[in-house]
Protein chains: 2
Amino acid sequence: MRAEVLKGHLDGLLLAVLDDEPRHGYAVIEALRAGSGGQFDLPTGTVYPALRRLEAAGLIRSGWSVVTGRRRRTYRLTDAGRRALAEQRSAWEDFSAAVSALLQGQPWPAAT
Amino acid sequence: MRAEVLKGHLDGLLLAVLDDEPRHGYAVIEALRAGSGGQFDLPTGTVYPALRRLEAAGLIRSGWSVVTGRRRRTYRLTDAGRRALAEQRSAWEDFSAAVSALLQGQPWPAAT
DNA sequence: TCCCTATAAGTAGCAATGCTATGTATAGCT
DNA sequence: AGCTATACATAGCATTGCTACTTATAGGGA
């Protein structure tokens, strides 16, 4: 998959898999891979900085734990994160409808 | 609309409106605005460089004309551009299905 | 024992690309 | 004369995902 198509959509996807349940970074990567049929196989260099960005923005918060000797930073949504996710879902509806219409050369539906 | 969501999708949209019919840059902007229900109101600083990028990539080619005193550079698809458009349409199907599934927390369809 | 893989987190620096701001120019209307 | 719409163009910026690399533990196989 071309890399750039994900730009601007990653944050919403991260929020969505964390809304499903709190996860640590590595589990987020696996959830994205499984939930996309293998399309989104993201490197740690993509996901970890993105999670830190979302935490800095107050949309998620994290806590440390240690499981079988491995440290885990587990992230969960904040209230602001849940609101942001709702906005992202709505924005995605509009965006994907517009792109689909344009790609297929269909006229934009006049009546909503 | 947040700016970054368009990244990586603009090229496909440009190819699509030029596949509909040959257009000059200004007409491309209007076609994108009309075809998206006003969502994609792109500045010239986005569209003109993108068209030059596509031409440099051999996906479109341009020719000058003058209409009512104003010069126009009209772009049309090349054969490579038509192939690229077909790929973009296919890639968009996969991408949008994956994003929709993840955003809604639905399991990825096991059987295609 | 040693090596390899999977798990787990992290960063520095790069590359791509859309946007802001700005500049040039013509047509037509008031 | 001035304003708006039309029309093209570019320099430089900001964002963001990726590449490459580092550190560390657990567990299986040679």
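Residue numbers start from 1 in every chain, and the chains themselves are labelled A, B, ... in the order their sequence lines are given, proteins ahead of strands. Remember, predicted model here, so these are calculated numbers, not experimental data.
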Between [N] atom [atom2] and [X] atom [atom1], what is the distance in whole Å?
X: A/Asp41; N: C/dA6; atom1: CG; atom2: P; answer: 12 Å
X: B/Leu14; N: C/dT17; atom1: CG; atom2: P; answer: 12 Å
X: B/Arg72; N: D/dA7; atom1: CZ; atom2: P; answer: 4 Å
X: B/Leu13; N: C/dG18; atom1: CG; atom2: P; answer: 10 Å
X: B/Lys7; N: C/dC19; atom1: NZ; atom2: C1'; answer: 8 Å
X: A/Arg33; N: C/dT7; atom1: CZ; atom2: P; answer: 8 Å
X: B/Trp64; N: D/dA9; atom1: CH2; atom2: C1'; answer: 9 Å
X: B/His24; N: D/dT6; atom1: NE2; atom2: C1'; answer: 8 Å

Could you check which of [options] has an atom nearest any side-chain atom of [X]?
X: A/Leu10; options: C/dA6, D/dG17, D/dT6; answer: D/dG17
X: B/Thr44; options: C/dT17, C/dA21, C/dT7; answer: C/dA21
X: A/Asp11; options: D/dA9, D/dC18, D/dG17; answer: D/dG17
X: A/Leu42; options: D/dC18, C/dA9, D/dC8; answer: D/dC18
X: B/Tyr48; options: C/dG10, C/dT17, D/dT10; answer: D/dT10
X: B/Arg73; options: D/dA14, C/dG10, D/dA9; answer: D/dA9
X: B/Thr46; options: C/dG10, D/dG17, C/dC19; answer: C/dC19
X: A/Tyr75; options: D/dA7, C/dG10, D/dT10; answer: C/dG10

How would you label the contact of [X] with the nucleic acid (heavy atoms, under 4.0 Å): base, sugar-phosphate, or nothing?
X: A/Gly45; result: base
X: A/Thr68; result: sugar-phosphate
X: A/Arg70; result: base
X: B/Gly25; result: sugar-phosphate

Any side-chain N or O of [X] less than 4.0 Å from the OP1 or OP2 oxygen of [N]?
X: A/Arg52; N: C/dA9; result: no
X: B/Arg71; N: D/dT6; result: no
X: A/Tyr26; N: C/dT7; result: yes

Is there a donor-acceptor contact under 3.5 Å linking the side chains of [X] and [Y]?
X: B/Arg61; Y: B/Thr78; answer: no
X: B/Ser36; Y: A/Trp108; answer: no
X: A/Arg72; Y: A/Ser65; answer: no

Checklist entry - Is a side-chain donor or acceptor of B/Thr46 paired with a backbone partner of B/Leu42 at a separation under 3.5 angstrom? => result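 No; zero donor-acceptor contacts below 3.5 Å.
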
Item to check | Nearest heavy-atom neighbours spanning A/Gly12 and A/Gln88 | outcome: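 Minimum heavy-atom contact is CA-OE1, 3.4 Å.
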
Checklist entry - So which one's nearest nucleotide on DNA chain D is more toward 5', A/Gly8 or A/Gly69? => result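 It is A/Gly8, whose closest nucleotide lies nearer the 5' terminus.
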
Checklist entry - Can a salt bridge be assigned to the pair A/Glu21 and A/Arg23 using a cut-off of 4.0 Å between side-chain N and carboxylate O? => result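 Yes, A/Glu21 and A/Arg23 are salt-bridged.
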
